[in-house]
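Remarks on the structure that follows.
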Amino acid sequence: MRDAYETVAGRTVHETEINRSRFLCALAPVGTEEDAQAFVAEVRAAHPAANHNCWAYVLGADAGVQRSSDDGEPGGTAGLPMLQMLLRREVRFTAAVVTRYFGGIKLGAGGLIRAYGGVVGAALDVAGTVTRRRLRLATVTVGHERAGRLENDLRATGHAVREVEYGAEVTIGVGLPAGDVEAFRAWLAGATGGAARLALGGEVYAPG
């Protein structure tokens, strides 16, 4: 499993004109295939008069799910170069839809491949990307008398504090880089004189 991946920073639409055809590339971060297909349907509904709404998406930190569609363009000239651009730029959990309004000049297979791949690359440049890192979720439980200082120490040392809950004791949720669990356990023991308890949970990808 990868320790980190890049995804598009947010929804973006970027327009390019090539030989009188308008190419509008819409990008969005997506978490599931349902999200990706809903985004495709949304863009298609917004451009009912367009000649083509070609799309591609990549899901999974390891790019385990890859889908694309030429939507009526000659086979392999639209969806595939869009997908290849997403993979070349190493973005994940990202959907791209390129809407084409034909301008009367045919581009040929090579021209279409360059156009569809190129407009996705240009849109990625405009959108920018964010890094999501793999974290091991953990819960630290400590007495009230130590909680305030421990929370400050956690934040001061760059640990990702996720939530703090007060009850009979105080629980502090943290996200740890996957390889840092044992080092954190030792640090926590030293910082609290062994008074804190550490419970490990699952893994997530989070901004980092």
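Source: prediction; values computed, not measured.
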Distance-only donor-acceptor check, side chains Thr94 and Thr7, under 3.5 Å: yes
Decide whether Glu90 and Tyr5 meet the rule of one side-chain donor and one side-chain acceptor closer than 3.5 Å. no
Would one find more than 12 heavy atoms of other residues, nucleotides or ligands at under 6.0 Å from atom CZ of Arg149? no
Does the pair Glu151/Arg146 count as a salt bridge with the N-to-O cut at 4.0 Å? no
In this structure, which one of Arg134, Arg132, Arg133 forms a salt bridge (charged side-chain N to carboxylate O under 4.0 Å, His left out) with Glu203? Arg134
Does any non-hydrogen side-chain atom of Val65 lie less than 4.5 Å from one of Phe93? no
Decide yes or no for Leu27 and Arg11: does some side-chain heavy atom of the first lie under 4.5 Å from some side-chain heavy atom of the second? no
Are there over 12 heavy-atom neighbours, none belonging to Arg114, within less than 6.0 Å of that residue's CZ? no
Candidate pair Met82 and Val98, rule side chain to side chain contact (heavy atoms under 4.5 Å, CB included), full reasoning: CA-CA 8 Å; Met82 291 169 62; Val98 174; 3.5 Å; yes
Ala115 and Ile18 have their tightest heavy-atom pair at CB-CD1, 3.6 Å
Does Tyr166 form a side chain to side chain contact (heavy atoms under 4.5 Å, CB included) with His144? I'd like the steps, not just the answer. CA-CA 8 Å; Tyr166 294 87; His144 286 265; 3.9 Å; yes
Just to verify, what does Val181 make a side-chain contact (heavy atoms from CB on, under 4.5 Å) with, not counting sequence neighbours? Arg136, Leu176, Arg185, Leu200
Carefully, step by step, assess His14 and Thr16 under the rule side chain to side chain contact (heavy atoms under 4.5 Å, CB included). CA-CA 7 Å; His14 179 69; Thr16 303; 3.7 Å; yes
Please tell me if the side chains of Leu83 and Val58 come closer than 4.5 Å, counting only heavy atoms from C-beta onward. yes
Gln66 and Tyr57 side chains, donor-acceptor separation under 3.5 Å: no
Using a 3.5 Å distance criterion without hydrogens, assess whether the side chain of Arg89 forms a donor-acceptor pair with backbone atoms of Val91. no
Verify the distance criterion only: is there a donor paired with an acceptor across the side chains of Thr131 and Glu6 at less than 3.5 Å? yes
Please list, chain by chain and in numerical order, all residues satisfying ring-ring contact (aromatic ring centres under 6.0 Å, His included) with His52, sequence neighbours excluded. none
Any sub-3.5 Å donor-acceptor pair from Thr171's side-chain atoms to Thr141's backbone N or O? no
For the side chain of Asp70 and the backbone of Ala78, is there at least one donor-acceptor N/O pair under 3.5 Å apart? yes
Thr12 versus Ala127, closest heavy-atom pair with distance: OG1-CB, 3.2 Å
Determine, using the 4.5 Å side-chain heavy-atom cutoff (strictly less than), whether Val97 and Phe102 are members of one ILVMFWY cluster. no
I need the minimum non-hydrogen distance between Leu198 and Phe184, along with the two atoms involved. CD1-CE2, 3.8 Å
Would a hydrophobic clustering, with Ile, Leu, Val, Met, Phe, Trp and Tyr connected at side-chain separations under 4.5 Å, put Val140 with Leu135? no
Return yes if some donor-acceptor pair links the side-chain N/O of Thr192 with the main-chain N/O of Leu188 below 3.5 Å, else return no. yes
Validation row: Asp153, Trp187 side chains within 4.5 angstrom (heavy atoms): yes
Apply the side-chain contact (heavy atoms from CB on, under 4.5 Å) test between Thr99 and each candidate in Val43, Asn51, Asp71; give the one that qualifies. Val43
All heavy atoms of Val8 vs all of Ala28, minimum pair found to be CG1-C, 3.5 Å
According to a 4.5 Å side-chain heavy-atom criterion applied to Ile, Leu, Val, Met, Phe, Trp and Tyr, with indirect links allowed, do Leu24 and Val119 form part of one hydrophobic cluster? no
Beyond-backbone contact of Val174 with Arg162, side-chain heavy atoms, under 4.5 angstrom: no
Side chains of Arg100 and Leu107: closer than 4.5 Å at any heavy-atom pair? yes
What's the shortest heavy-atom distance between Pro81 and Tyr116, and which atoms? CG-CB, 4.4 Å
How close do Ala50 and Asn53 get, heavy atom to heavy atom, and via which atoms? CB-ND2, 4.1 Å
Applying side-chain hydrogen bond (donor to acceptor under 3.5 Å, both in side chains), can you list everything that pairs with Arg92, at least two apart in sequence or on another chain? none
